[in-house]
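Taking it in order: structure first as structure tokens, then the write-up.
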Amino acid sequence: MAKDAVYRSAEKKIEEAQRSGAKVLDLSFGFGDEMPKLIELPESVGQLTQLQRLDLSRNRLTALPESLGQLTQLQTLDLTGCKLGQVPSSIRGFRFLRKLVLDSNDLRRVPDWISEHQYLTEL
């Protein structure tokens, strides 16, 4: 799949976050239908094991890479307005997850294992 400008921009932000040791990464790409959106999240996001907050809102992500499961320090994950049909199983390993935002997706149900997150206070 050819990588578009939005994907390359996400890759660049991920590289910068890795170099700086950032704990927060915002990969939301604007409001409205006319704004560019991510349709695929780079696998390299899994290298950001220090991340505590990841904002992927307002994209067109229908799935998330398995590498996301390596973000074991993640406390907040915002997936508002994506096109997810199910909650990604990679989230199951986020043992410090406090806030998971799933508004405006194509979800039919939230999996039972979500209750395993002992620190989750906002869903």
Side-chain angles (χ1 to χ4, degrees):
M1 171 181 188
K3 305 304 180 195
D4 63 10
V6 177
Y7 185 93
R8 289 190 306 274
S9 175
E11 284 182 316
K12 186 179 261 186
K13 285 184 175 186
I14 290 167
E15 288 171 13
E16 290 169 7
Q18 188 172 20
R19 269 194 305 275
S20 70
K23 296 195 183 303
V24 175
L25 180 60
D26 185 349
L27 292 177
S28 60
F29 280 95
F31 295 100
D33 290 335
E34 71 284 350
M35 297 299 293
K37 311 283 185 187
L38 266 178
I39 57 172
E40 179 185 1
L41 185 62
E43 285 281 342
S44 58
V45 74
Q47 298 171 4
L48 303 176
T49 56
Q50 77 284 357
L51 271 189
Q52 294 179 1
R53 184 177 189 281
L54 178 59
D55 187 347
L56 298 172
S57 63
R58 299 182 306 274
N59 281 295
R60 291 204 171 99
L61 300 167
T62 57
L64 297 175
E66 284 300 315
S67 67
L68 195 72
Q70 298 171 325
L71 306 182
T72 58
Q73 301 302 308
L74 211 61
Q75 296 177 18
T76 301
L77 178 58
D78 190 343
L79 296 166
T80 302
C82 292
K83 303 291 182 187
L84 296 173
Q86 62 185 24
V87 177
S89 61
S90 56
I91 291 172
R92 197 171 191 165
F94 298 166
R95 59 183 175 203
F96 299 110
L97 192 64
R98 295 177 186 276
K99 181 177 181 181
L100 176 59
V101 186
L102 297 167
D103 297 351
S104 302
N105 274 282
D106 297 330
L107 300 174
R108 293 191 178 158
R109 67 178 204 84
V110 176
D112 293 337
W113 54 257
I114 266 307
S115 64
E116 296 171 8
H117 291 279
Q118 64 183 13
Y119 299 111
L120 190 64
T121 57
E122 281 187 62
L123 177 62

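Residue numbers run from 1 in the order of the sequence given.
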Less than 4.5 Å apart, side chain to side chain, heavy atoms only: is that true for [X] and [Y]?
X     : Y     : value
Ser90 : Gln70 : no
Ile39 : Tyr7  : no
Leu64 : Val45 : no

How many angstroms lie between atom [atom1] of [X] and atom [atom2] of [Y], to the nearest 0.5 angstrom?
X      : Y      : atom1 : atom2 : result
Leu97  : Ile114 : CG    : CD1   : 7.0 Å
Leu56  : Leu25  : CG    : CG    : 7.5 Å
Leu41  : Ile14  : CG    : CD1   : 5.5 Å
Ser20  : Glu15  : OG    : CD    : 12.0 Å
Tyr119 : Arg98  : OH    : CZ    : 7.5 Å

Sole residue of [options] in side chain to side chain contact (heavy atoms under 4.5 Å, CB included) with [X]:
X      : options                    : answer
Asn105 : Thr80, Leu61, Leu84, Thr62 : Leu84
Leu102 : Asp78, Val87, Leu77        : Val87
Phe94  : Thr76, Leu68, Thr72        : Leu68

Applying a strict under-4.5 Å side-chain criterion to I, L, V, M, F, W and Y, I'd like to know whether Val24 and Leu38 cluster together. no

Contacts of Gln47 that satisfy side chain to side chain donor-acceptor pair (under 3.5 Å) - sequence neighbours left out: Gln18

Modelled atom types, side-chain donor and acceptor of Arg58 and Ser28, under 3.5 Å: yes

Identify the two heavy atoms, one from [X] and one from [Y], that lie closest to each other, and give their separation to 0.1 Å.
X     : Y     : answer
Asp26 : Lys13 : O-NZ, 3.5 Å
Arg60 : Lys37 : NH1-CG, 3.4 Å
Gln50 : Ala22 : NE2-O, 2.8 Å

Would you mind listing every salt bridge (Lys or Arg N to Asp or Glu O under 4.0 Å) that reaches into residues 110-121, with sequence neighbours excluded? Arg92-Glu116

Ignoring hydrogens and angles, tell me if any N or O in the side chain of Gln52 forms a donor-acceptor pair with the backbone of Gln73 under 3.5 Å. no

